[in-house]
Amino acid sequence: MDFIASEKGDTTENLDPSSLISNGSKVTEEKPIVDNGKSHMEAPAESAPCTSEAAEDTELCEIPEQLEFTVVFNKMKHDITFAYDATVLELKAHLERICGVPQSAQKLIIKGMAKDNVTLRNAGIVKGGKVMLVGSKMDDILAVKAAPKEILEEKANSQTNKEPLCMQKIHRKVLDKGIPPDVMPGIKGVKEPLPPVPLSGMLNKNGGKVRLTFKPEQDQLWLGTKERTEKLAMTSIKSITSEPIKDHEEYHIMGLQLGPTEASRYWVYWVPAQYIEAIKDAVLGVWQFF
């Protein structure tokens, strides 16, 4: 059979004999594609362009408000940028990595002692403000925990010696003078926080007046006498011993351990009983090993 050329050129229709019938008319036939027993028309060759990138999320991540302030620890200043609505406990975790002080051994002074569950905003930290960090590094804590042989021997001896401190001769010479007239009132069986004023009117081992001033912002305890004021770093005080005075249990004998032996203790007499625990907490925090 002869094929008739078309003026439109050699298109697919003109070249395919099956698309022509004898009378010259065109018949188009779409063959269904069977898929799992269901027929459908063949999809067009061209489709919408695809991209390998996922669509961007329309929701933007909200950035917490940041606060810049300074943390002072052992006369060193650290510039800190932290979330304003983070808690004090979260800040302590951050400072542990920076300053090496365990969270449980940290005390942050902002406007007084800051509580762990309070946010920085509610604690009163302001932009450019200062926060005092009081505490001991882990190395110092371990050094105290690994007590020298002299302290261990002294502790063993004290367990065998049942004589109360107030009955020992070294203390009787001070106690026999009686309660100082200007000492602060003592209260038995009560625990109170430290007052905003120094503890005064007490006596030292020489029978002289002594005054205790707590400086948490400087991590110091000041021992004031008539002659001078001695400024002690709180980390230099390894332990605190205290015992009620017989017949005057509203007052205590208190010893500050400044070195490895008994002779290194600084004794203070007629300390009001209600402040003993607050003194230990202010100086030693939670790390009280002895």
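Remember, predicted model here, so these are calculated numbers, not experimental data.
- Taking the six-membered ring for Trp and the full ring otherwise, His248 and Trp270 have centroids separated by under 6.0 Å.
- Judged by distance alone, the side chain of Arg172 and the main-chain N or O of Cys166 form a donor-acceptor pair under 3.5 Å.
- Here Glu230 contributes atom CD and Trp222 contributes atom CH2; the two are 13.0 Å apart, rounded to the nearest 0.5 Å.
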*Residues Lys188, Val190; criterion side chain to side chain contact (heavy atoms under 4.5 Å, CB included); working and verdict*: CA-CA 6 Å; Lys188 177 183 177 181; Val190 175; over 6 Å; no

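- With rounding to the nearest 0.5 angstrom, the CG atom of Leu89 is 5.0 Å from the CD atom of Gln103.
- Of the possible donor and acceptor atoms, none in the side chain of Gln218 sits under 3.5 Å from a partner among the backbone N and O of Lys215.
- Residues Glu217 and Lys130 are not paired through a salt bridge, judged by the lack of any N-O separation under 4.0 Å between the basic side chain and the carboxylate.
- Phe69 is listed as a side-chain neighbour of Val131, based on a closest heavy-atom distance under 4.5 Å.
- Listed here is the closest heavy atom pair of Gly207 and Val174: N-CG2, 4.4 Å.
- Using modelled atom types, no side-chain atom of Gln274 and backbone atom of Gly186 make a donor-acceptor pair closer than 3.5 Å.
- Looking at every heavy atom in both residues, Ala273 comes nearest to Ile187 through CB-O, 3.6 Å.
- Using a 4.5 Å heavy-atom cutoff, the side chains of Val268 and Asn204 are not in contact.
- Judged purely by atom type and a 3.5 angstrom limit, Glu243 uses its side chain to pair as donor or acceptor with the backbone of Leu165.
- Here the CG atom belonging to Asn122 is positioned 3.5 Å from the OG1 atom belonging to Thr119, to the nearest 0.5 angstrom.
- Each of Leu120 and Met113 belongs to its own hydrophobic cluster when Ile, Leu, Val, Met, Phe, Trp and Tyr are linked at side-chain heavy-atom distances under 4.5 angstrom.
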*asked:* Checking Ile245 against Ile253 for the side chain to side chain contact (heavy atoms under 4.5 Å, CB included) test, could you report, in this order, the C-alpha distance in whole Å, the side-chain angles of both residues, the deciding distance, and whether it holds?
replied: CA-CA 7 Å; Ile245 299 174; Ile253 301 175; 3.7 Å; yes

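- Hydrophobic clustering (ILVMFWY, side-chain heavy atoms < 4.5 Å, transitive): Val283 and Met132 are in distinct clusters.
- Minimum interatomic distance between Val72 and Lys77 (heavy atoms only, all atoms of both residues): CG2-CG, 4.1 Å.
- Side-chain contact between Ile179 and Tyr251 is present, with heavy atoms from C-beta onward closer than 4.5 Å.
- To the nearest 0.5 Å, atom OG1 of residue Thr235 and atom CG of residue Asn74 are 6.5 Å apart.
- The side-chain heavy atoms of Ile80 and Glu68, taken from C-beta on, include no pair separated by under 4.5 Å.
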*Criterion side chain to side chain contact (heavy atoms under 4.5 Å, CB included) on Leu67 and Ile125, from CA distance to verdict*: CA-CA 9 Å; Leu67 179 67; Ile125 301 179; 3.5 Å; yes

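- Tyr266 places none of its side-chain heavy atoms less than 4.5 Å from the side chain of Leu232.
- The same ILVMFWY cluster, assembled from side-chain heavy atoms under 4.5 Å apart, contains both Val183 and Leu175.
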_Please evaluate residues Phe73 and His78 with respect to the criterion ring pair (Phe, Tyr, Trp, His ring centres under 6.0 Å), reporting the C-alpha separation (whole Å), side-chain torsions for both, the decisive distance (0.1 Å), and the verdict._
CA-CA 8 Å; Phe73 173 64; His78 302 274; 7.4 Å; no

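- Tracing side-chain contacts under 4.5 Å through hydrophobic residues (I, L, V, M, F, W, Y), one reaches Met202 starting from Ile237; they form part of the same cluster.
- Using a 4.5 Å cut-off between side-chain heavy atoms of Ile, Leu, Val, Met, Phe, Trp and Tyr, with links allowed through other members, Tyr275 and Tyr269 fall into the same hydrophobic cluster.
- In this structure a side-chain-to-backbone donor-acceptor pair under 3.5 Å is present from Gln66 to Pro64.
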*Are Thr213 and Val197 close enough, and set up right, to give a side chain to side chain contact (heavy atoms under 4.5 Å, CB included), and what steps lead you there?*
CA-CA 8 Å; Thr213 305; Val197 297; over 6 Å; no

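- For the pair Arg265 and Gln257, the tightest heavy-atom approach, listed with the atom from each and the gap, is NE-OE1, 2.7 Å.
- For the residue pair Gly224 and Thr229, the shortest heavy atom distance occurs at CA-OG1, 3.9 Å.
- Using a distance-only test at 3.5 Å, with no hydrogens or angles considered, a donor-acceptor pair links the side chain of Lys107 to the main chain of Asp281.
- Using a 4.5 Å heavy-atom cutoff, the side chains of Ser200 and Met184 are in contact.
- Checked by atom type and distance alone, the side chain of Glu249 pairs as donor or acceptor with a backbone atom of Asp247 at under 3.5 Å.
- At least one donor-acceptor pair closer than 3.5 Å links the side chain of Gln106 to the backbone N or O of Lys92.
- With respect to the salt-bridge test (charged N to carboxylate O, under 4.0 angstrom), the residues Asp182 and Lys209 qualify.
- Ile240 is listed as a side-chain neighbour of Ile279, based on a closest heavy-atom distance under 4.5 Å.
- The distance from the CG atom of Leu256 to the OG1 atom of Thr241 is 9.0 Å, given to the nearest 0.5 Å.
- Contact annotation: the side chain of His171 approaches that of Trp267 to within less than 4.5 Å [non-hydrogen atoms, C-beta and beyond].
- With rounding to the nearest 0.5 Å, the separation of CG in Leu223 from NZ in Lys231 is 12.0 Å.
- A pairwise comparison of heavy atoms in Leu221 and Met234 identifies N-CG, 4.2 Å as the closest pair.
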